[in-house]
Trainee: 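What follows is a single structure, and I will ask about it in a moment.
Whatever order the structure lists ligands and atoms in, that order sets their numbers, starting from 1.
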Amino acid sequence: MAIGAAFASIAVVAGLGIVAWIAYEPALPEIARPSPSSFDRGLVAKGEQLATVGDCIVCHTAPNGAPFAGARALPTPFGILFSNNITPDEKTGIGSWSLAAFSRAMRQGVARDGSHLYPALPYEHFTHVNDGDLAAIYAFLMTRQPVSREAPENQLLPGLGFRPLLAGWKLLFLRQTQFERQANESAEWNRGKYLVDGLAHCGGCHTPRNLAGGEERGREFAGGVAEGWNAPALDETNPSAAIWNVDSLFAYLKTGSDRGHSAAGGPMVPVAEGLSRLNDADVRAIAVYVDSQMHPLRETNLPAVTVVATNDSRSAAAAAHPEADLLFEGACSGCHAPRAPMNINDRPLLSSASDLRADDPRNAVQTLLQGIAPPGGKGAYMPSFSNTMTDRQLADLLAYARARFTDKPAWPDLEAVVGDIRKENAE
Ligand code: HEC
Ligand code: HEC
Ligand code: HEC
């Protein structure tokens, strides 16, 4: 017995030793904050574009807070995380971080002091960013105004606040590979893939995650969830794949709307807002790459094929949903009927709306509950109907719109779904 117990405790100690060995990362030395004038202007400008692709400002700015000063609450299935201050303040920001410390955080998710960072900082993707691009982002951040602001304590489920555990998570899910050019694809396609897989971290939302919060390998772009919305599949299983092409993807990514098919809602809005400030060539490269994922059999970057969906079975839909037909006339058709007075050029034909064609009604429900606020306040706008309609009215309207404008089967239990999503939004 005694010997067995001794062996067991040796095993435990050895096991803990291995964990500590895997988890251990040294602190990197503090540096004096580099003078902003020590950075090349061109490098800073390049870094600004790249930081835009990486949405750094989205996660690292609190509502009404100074840009990059952190303290934005990010809800995750494991609790609430707060982003850090990444302005060059020496005490509360990254002013004393060397480029090596910054690059280690971005690639390996380890802070300057050696502690492990949560993958809410999307280092599963940032790990693929090359040295030159990291140096440019570093130069951009180090030339911002330092702001003194401490992030609040994270509010995680019991036990998950213990950072060394993250070393195990990384062992399972972090693949630190460098981007490899594919010689049989165009330079534009390769640029798009580099941005999408790395800085733009599109898979962070559009790839499904396992129970431990890691992205499921082999199911890249099969569709995921983000902040109460579905992030639709961006591969051939996208329900509207046939309607998307390079041009419409470009317009959607650059302006938040492709005028006629889909408008970015929910967490896709800040993504489009970031991309609206990115140069056209890079946005187009992203569109080319996404298009190739949606249409694996089509040659990359074929001239755009315009597909105009004109499905409109009004009389059948009205017979099945007479009240919704009236509601639609009053509340929706001013913007959504063809040639309606407010249907000025860029209003959608609902017969090609992605949200109405999806298998899951979630995004259509969110669109009605939250409305559409275009990136930067310019462009397509739709009011929220959350306060003006009951769950039953919204469900009836959506059932009607699905029947009238698409050839897809009716969504089940809509009223309950609307009620549940409304409750989630209020939490
Ligand atoms: C999806 C949200 C998200 C995005 C996008 C994001 N970050 Fe973060 N970042 C976080 C969170 C959350 C933390 C804190 C993680 C923790 O506490 O372990 C963090 C931490 C960091 C840290 C470590 C700071 C410290 O003091 O330990 C750095 C550096 C950083 N981010 C830089 C960036 C840069 C640069 C970009 C853009 C290229 C970026 N982040 C984009 C969420 C994000
Ligand atoms: C923070 C999460 C998040 C990130 C990051 C993100 N998306 Fe999205 N995306 C969404 C959500 C949610 C929707 C659904 C929006 C809606 O229905 O209005 C969406 C919708 C889309 C659509 C429309 C799909 C359709 O059929 O309607 C495209 C295309 C798209 N995203 C591309 C991208 C690309 C490319 C990137 C990277 C540059 C990206 N997304 C990054 C969350 C995200
Ligand atoms: C003030 C004008 C306006 C009104 C009123 C309005 N909408 Fe919209 N709606 C829009 C705009 C703009 C879009 C974005 C389309 C785009 O740019 O691609 C949109 C998009 C949609 C979408 C598709 C979203 C997507 O990305 O797939 C649905 C579904 C929708 N509206 C339903 C309705 C219903 C139902 C009503 C009535 C309850 C309504 N709308 C009232 C302007 C309006």
Trainee: Between M106 and ligand 1, which part of the residue brings a heavy atom under 4.0 Å of the ligand: side chain, backbone, both or neither?
Mentor: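 Near ligand 1, M106 shows its side chain, while the N, CA, C and O stay back.
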Trainee: Considering the heavy atoms of A111, write down every atom of ligand 1 situated less than 4.0 Å from one of them.
Mentor: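 Near A111, the atoms of ligand 1 are 27 (O).
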Trainee: Could you give me a count of protein N/O/S atoms that are under 2.8 Å from atom 8 (Fe) of ligand 1?
Mentor: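 Of the protein's nitrogen, oxygen and sulfur atoms, 1 lie under 2.8 Å from atom 8 (Fe) of ligand 1.
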Trainee: By atom name, which N, O or S atom of H336 is the nearest to atom 8 (Fe) of ligand 3?
Mentor: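 Checking each N, O and S atom of H336, the shortest distance to atom 8 (Fe) of ligand 3 belongs to NE2.
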Trainee: Give the contacting part of L368 toward ligand 3: side chain, backbone, both or neither, where contact means a heavy-atom distance below 4.0 Å.
Mentor: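 Near ligand 3, L368 shows its side chain, while the N, CA, C and O stay back.
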Trainee: Going by the atom numbers of ligand 1, which of them fall below 4.0 Å from some non-hydrogen atom of L141?
Mentor: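 Under 4.0 Å from L141, ligand 1 has these atoms: 35 (C).
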Trainee: Taking only heavy atoms of R163, which atoms of ligand 1 are found under 4.0 Å from at least one of them?
Mentor: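 Reading through ligand 1 atom by atom, the close ones are 16 (C), 17 (O), 18 (O).
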Trainee: With heavy atoms under 4.0 Å as the rule, classify the contact between N363 and ligand 3 as side chain, backbone, both or neither.
Mentor: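 For N363, no heavy atom sits under 4.0 Å from ligand 3.
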Trainee: Give yes or no for whether the N/O distance cutoff of 3.5 Å, strictly under, is met between A263 and ligand 3.
Mentor: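 Yes, since at least one N or O of A263 sits under 3.5 Å from an N or O of ligand 3.
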Trainee: For residues 102-114, which side-chain donor-acceptor pairs fall under 3.5 Å, sequence neighbours excluded?
Mentor:
residue, atom, partner, partner atom, Å
S103, OG, L99, O, 2.9
R104, NH1, P26, O, 2.8
R104, NH2, P26, O, 3.0
R104, NH2, A111, O, 2.9
R104, NH2, R112, O, 3.3
R107, NE, V129, O, 3.2
R107, NH1, D131, OD1, 3.2
R107, NH2, V129, O, 2.8
R107, NH2, D131, OD1, 2.7
R112, NH1, L28, O, 2.6
D113, OD1, S115, N, 2.9
D113, OD1, S115, OG, 2.6

Trainee: Flag Y381 as yes when one of its N or O atoms lies below 3.5 Å from any N or O atom of ligand 3, and as no otherwise.
Mentor: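 In fact, backbone or side chain, Y381 has no N or O that close.
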Trainee: Looking only at protein heavy atoms, which one is nearest to atom 27 (O) of ligand 2, and how far off is it?
Mentor: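 The closest one turns out to be S354 OG, 2.9 Å.
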Trainee: With a cut-off of 4.0 Å, which atoms of ligand 3 are near a heavy atom of L397?
Mentor: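 Near L397, meaning under 4.0 Å from one of its heavy atoms, ligand 3 has 38 (C).
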Trainee: Please check this pair: side chain of Y123 against backbone of L174, looking for a donor-acceptor N/O pair closer than 3.5 Å.
Mentor: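 Pair absent, no side-chain N/O of Y123 close to backbone of L174.
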Trainee: Counting heavy atoms only, name the option from G265, S384, G371, C335 that's nearest to atom 2 (C) of ligand 3.
Mentor: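 Going through G265, S384, G371, C335 one by one, C335 has the nearest heavy atom to atom 2 (C) of ligand 3.
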Trainee: Tell me whether A401 reaches ligand 3 (any heavy atom closer than 4.0 angstrom to a ligand atom).
Mentor: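 In this structure, A401 fails to qualify as a contact of ligand 3 - no heavy atom is under 4.0 Å.
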Trainee: Which atoms of ligand 3 are found less than 4.0 Å from any heavy atom of I372?
Mentor: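 Answer for ligand 3: 13 (C), 14 (C), 19 (C), 20 (C).
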Trainee: For the 3.5 Å polar cut-off, considering only N or O atoms, please tell me whether Y118 and ligand 1 meet it.
Mentor: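 Right, the criterion is met.
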Trainee: Within a distance under 4.0 Å of any heavy atom of H201, pick out the atoms of ligand 1 and give their elements.
Mentor: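 Reading through ligand 1 atom by atom, the close ones are 5 (C).
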Trainee: Kindly identify the option in W229, Y252, F221 whose heavy atom sits closest to atom 22 (C) of ligand 2.
Mentor: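 Looking at heavy atoms only, Y252 sits closest to atom 22 (C) of ligand 2.
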Trainee: For ligand 1, find out whether one of its N or O atoms is nearer than 3.5 Å to an N or O atom of W97.
Mentor: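 No; every N/O pair is 3.5 Å or more apart.
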Trainee: Quiz question: by atom type and distance under 3.5 Å, do the side chains of N238 and Q293 form a donor-acceptor pair?
Mentor: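 No.
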Trainee: Measure N85 to ligand 1 on non-hydrogen atoms and call it side chain, backbone, both or neither using the 4.0 Å cut-off.
Mentor: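 The answer is neither; N85 stays 4.0 Å or more away.
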Trainee: Counting heavy atoms only, name the option from I80, V129, L81, L117 that's nearest to atom 23 (C) of ligand 1.
Mentor: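 Result: the heavy atom closest to atom 23 (C) of ligand 1 is in L117.
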Trainee: Within the structure, does T367 bring an N/O atom to less than 3.5 angstrom of an N/O atom in ligand 3?
Mentor: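 Between T367 and ligand 3 (N or O atoms, distance only) the closest approach is not under 3.5 Å.
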Trainee: Quick check on G334 - does any of its heavy atoms sit under 4.0 Å from an atom of ligand 3?
Mentor: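 No, that is not the case, since the closest heavy atom of the residue is not under 4.0 Å from the ligand.
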Trainee: Strictly under 2.8 Å of atom 8 (Fe) of ligand 2: which protein N/O/S atoms qualify?
Mentor: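 Metal shell, protein only: H206 NE2, M268 SD.
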Trainee: Which donor-acceptor pairs under 3.5 Å do side chains of residues 141-148 form with protein atoms, sequence neighbours excluded?
Mentor:
residue, atom, partner, partner atom, Å
T143, OG1, A139, O, 2.9
T143, OG1, F140, O, 2.8
R144, NE, F140, O, 2.9

